[in-house]
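One structure below.
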Protein chains: 2
Amino acid sequence: MAHVTMKDVARLARVSPRTVSNVVNDYTHVSDDVRRRVVAAIDELGYRPNIVARNLRIGRTGLLALIVPEIDVPYFSELARAVIDAAADYGYRVMIDQTGHDHERERQLLTGHDRTMLFDGILFSPLVTQAEIAEMDSDATLPMILLGEHAFTGRFDHIAIDNTQAAYEATHHLVELGRRRIAAIGTQPKETYQTPQQRTAGYFAALDDAALPHEEELVIPAATYHRSDGYDAARRLLAMDQPPDAIFCYSDLLAMGAMRAVQDARLRIPDDVAVIGIDDIEEGRYSTPSLSTVSLDKDFIATRAVERLVERIEKPELDAQQIVAPHTLIVRDSTRPSPSDPASS
Amino acid sequence: MAHVTMKDVARLARVSPRTVSNVVNDYTHVSDDVRRRVVAAIDELGYRPNIVARNLRIGRTGLLALIVPEIDVPYFSELARAVIDAAADYGYRVMIDQTGHDHERERQLLTGHDRTMLFDGILFSPLVTQAEIAEMDSDATLPMILLGEHAFTGRFDHIAIDNTQAAYEATHHLVELGRRRIAAIGTQPKETYQTPQQRTAGYFAALDDAALPHEEELVIPAATYHRSDGYDAARRLLAMDQPPDAIFCYSDLLAMGAMRAVQDARLRIPDDVAVIGIDDIEEGRYSTPSLSTVSLDKDFIATRAVERLVERIEKPELDAQQIVAPHTLIVRDSTRPSPSDPASS
DNA sequence: TTGTAAGCGTTATCAC
DNA sequence: GTGATAACGCTTACAA
């Protein structure tokens, strides 16, 4: 069963392949009579244009690659949803790859045979710094936009929130609640990952402004940002002689784990320990208690990222651009003594 | 800057394109000397094979399409993670499309220009019945495997759990707790979607076995399976003159919303109202209280689905197969009056 | 072991 | 408006 080709349609409709192509692509300048014949032939033969052949010819695939650490981390799946929808608006579809927090895999996806002409562009949410990416991607040829990295090198387009400021606001909010021993969860053992460092800087800055000491023992690293990491880190904090009265987590998912640990320890949120995260995943709106957080505008990030990438694809010579996405502090029950918190009654 | 092609490499290395191809594809029978020359030329020119051209030639793209309602619904993002990983084991990459619970969009993705030779196969998590899919996909040409639909028509490969049995076990568990007014959340207004119907059948069967009446007012529909739907449905239930003492939700996400509504109403889980879901998303292991559920083996589903799809791609003439995925009842705090450590489940 | 040449199914450049 | 015909960049008989 050889595949039905344009030629077959052309023969049946008694026209040239050129005309079939015109009809398929909705070109003008095709007489109604001929168009009808061609359409009839297409239906009769069940012809479907071969996208791959078209792609080869026109040099575009209509495919974008979205590279994230893990698609089942809510922040990334919510982002992916927005990216896929935004891409659809421009006629693009999205392939998703996972690096699994593996630097080697990141390198592979960027440099290996994978990074080929199958995609028109890449949306990359990296763990490493831009400098390292530049090194990997030395013979960069594909338009790429970086998601969630902040330090701007001028080499790549990228979009991110102001991490330092976001962390400052979260910490400052805890200070305003009157908390004095404010812990942080989410520093990174490896120093290559910039985002946590910026958040730590914001956290310390807020402590400084409140004349609170930097207590190194209250700053807990997290290898990844899963619920289990938050849980383990919070347990460590609660087991201390002087446990914290507030915890700032570098992601909502860490915060979900931390909240669970606090409640397992029979402590009340926020009365005994207040908890705040960053990301604003939907899970935090329904948890008990609901989670205070710094909301990142994912739709903004996705829309602008895709928009910019498409622009790049069309004009590869453009200068790299830095886009700062907005963020908003959102106060919910985990930092607000509220009657709707059953654990506190 | 015209793209560097095989011909360019061949010229520089003083060999034929054929030989370059051999080197790129790691063929045997290439003398070390020639190979070195070719590799050197590739490096010097920064040559990258054009995957699209190769795809056209060999008739495969190495791309699978995964079509789900919404990627940011935890069940689907967890499934997608497993699918992407499983596909990678077979050398495939995965493009993700969202139908957004829109039947028209489902039809479009299946029949429209989208359903072209860009993919070697499709993994489809549909809302509608197989009969409707068969109608849409009348000139089916691409290997496709259905995810999460149960009624087997012999037309398509598909994989799913035994929904009726799973629902039976969940309901039966609530019966064993001594609950007498057991509500269900998640029936579907439209009748085309089979999964909810099967779950309702299992729910009623369990009530029958316990000699409990079918109270139609305790069976609440949900247009989609989001947290907000569960929340709204539970509020309706709790506002009744005789509110239920247990709620069986057709998805964990519905259950998360329902739990929140119960707690907002100042009722205790499970003392006043026990709650159970289906899916076993990670969120339910960390929620307060942790959520009892029927666990679907997502790794099994993803692995077997991809395995089968790849088999299909290689042998399109195979008969359609039905694969039943295992499920397990998991009892957590939402149906057990004693808190526990999430690390233990 | 390597070179030659014929496609894969489109789209695009010409004429007519 | 429509028809030949040449690419797009690769793989692969078939030769050498």
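Chain identifiers are assigned alphabetically (A, B, ...) following the order of the sequence lines, protein sequences preceding nucleic acid strands; residue numbering begins at 1 within each chain. Heavy atoms only: backbone and side chains are in, while hydrogens, waters and symmetry mates are out.
- Across all strands, A:Asn25 comes closer than 4.0 Å only to sugar-phosphate atoms, never to a base (heavy-atom distances).
- One interatomic measurement links the two molecules: CG of A:Asn22 to C1' of C:dT11, which rounds to 10 Å at whole-angstrom precision.
- A:Ile313 is listed as a side-chain neighbour of A:Leu64, based on a closest heavy-atom distance under 4.5 Å.
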Restricting both atoms to N or O, compile the protein contacts to nucleotides 3-7 of chain C shorter than 3.5 Å, with distance only.
from: C:dG3; atom 1: OP2; to: B:Ser16; atom 2: N; distance (Å): 2.6
from: C:dG3; atom 1: OP2; to: B:Ser16; atom 2: OG; distance (Å): 3.0
from: C:dG3; atom 1: OP2; to: B:Thr19; atom 2: OG1; distance (Å): 2.7
from: C:dG3; atom 1: O6; to: B:Arg18; atom 2: NH1; distance (Å): 2.8
from: C:dG7; atom 1: N2; to: B:Arg57; atom 2: NH1; distance (Å): 2.9
from: C:dG7; atom 1: N3; to: B:Arg57; atom 2: NH1; distance (Å): 3.2

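- Looking at B:Val94 and A:Met95, their side chains never come closer than 4.5 Å, going by heavy atoms from C-beta outward.
- The side chain to side chain contact (heavy atoms under 4.5 Å, CB included) test applied to B:Asp43 returns B:Val39, not counting sequence neighbours.
- The distance between atom CZ of B:Arg35 and atom C1' of C:dT2, rounded to the nearest whole Å, is 13 Å.
- Between B:Glu70 and B:His226, the side chains place a donor N or O and an acceptor N or O closer than 3.5 Å (distance only, hydrogens not considered).
- Among the protein residues, B:Ile58 comes within range of the sugar-phosphate backbone only, with heavy atoms under 4.0 Å from sugar or phosphate atoms but none that close to a base.
- In this structure the side chain of A:Val15 reaches within 4.5 angstrom of the side chain of A:Val34, judged on heavy atoms.
- For the pair B:Asn50 and B:Thr5, the minimum side-chain heavy-atom distance is 4.5 Å or more.
- Put simply, A:Ser21 has no side-chain N or O that comes within less than 4.0 Å of OP1 or OP2 on C:dT10.
- We find that CZ of B:Arg60 is positioned 16 Å from P of C:dG9, with the value rounded to whole Å.
- By the side chain to side chain contact (heavy atoms under 4.5 Å, CB included) test, B:Thr303 pairs with B:Glu307, sequence neighbours left out.
- Using a 4.0 Å cutoff to heavy atoms of chain B, the contacted part of DNA chain D runs 5' to 3' from D:dG9 to D:dC14.
- For B:Arg18, there are no salt bridge (charged side-chain N to carboxylate O under 4.0 Å, His left out) partners, not counting sequence neighbours.
- Distance B:Asn55 CG to C:dG9 C1': 13 Å, rounded to the nearest Å.
- For residues 67-93 of chain A, there are no ring-ring contact (aromatic ring centres under 6.0 Å, His included) pairs, not counting sequence neighbours.
- When rounded to the nearest whole Å, the span between CG of A:Leu56 and C1' of C:dA12 equals 13 Å.
- Two residues, A:Met6 and B:Ser31, neighbour DNA chain C, and the one matched to the more 5' nucleotide by heavy-atom proximity is B:Ser31.
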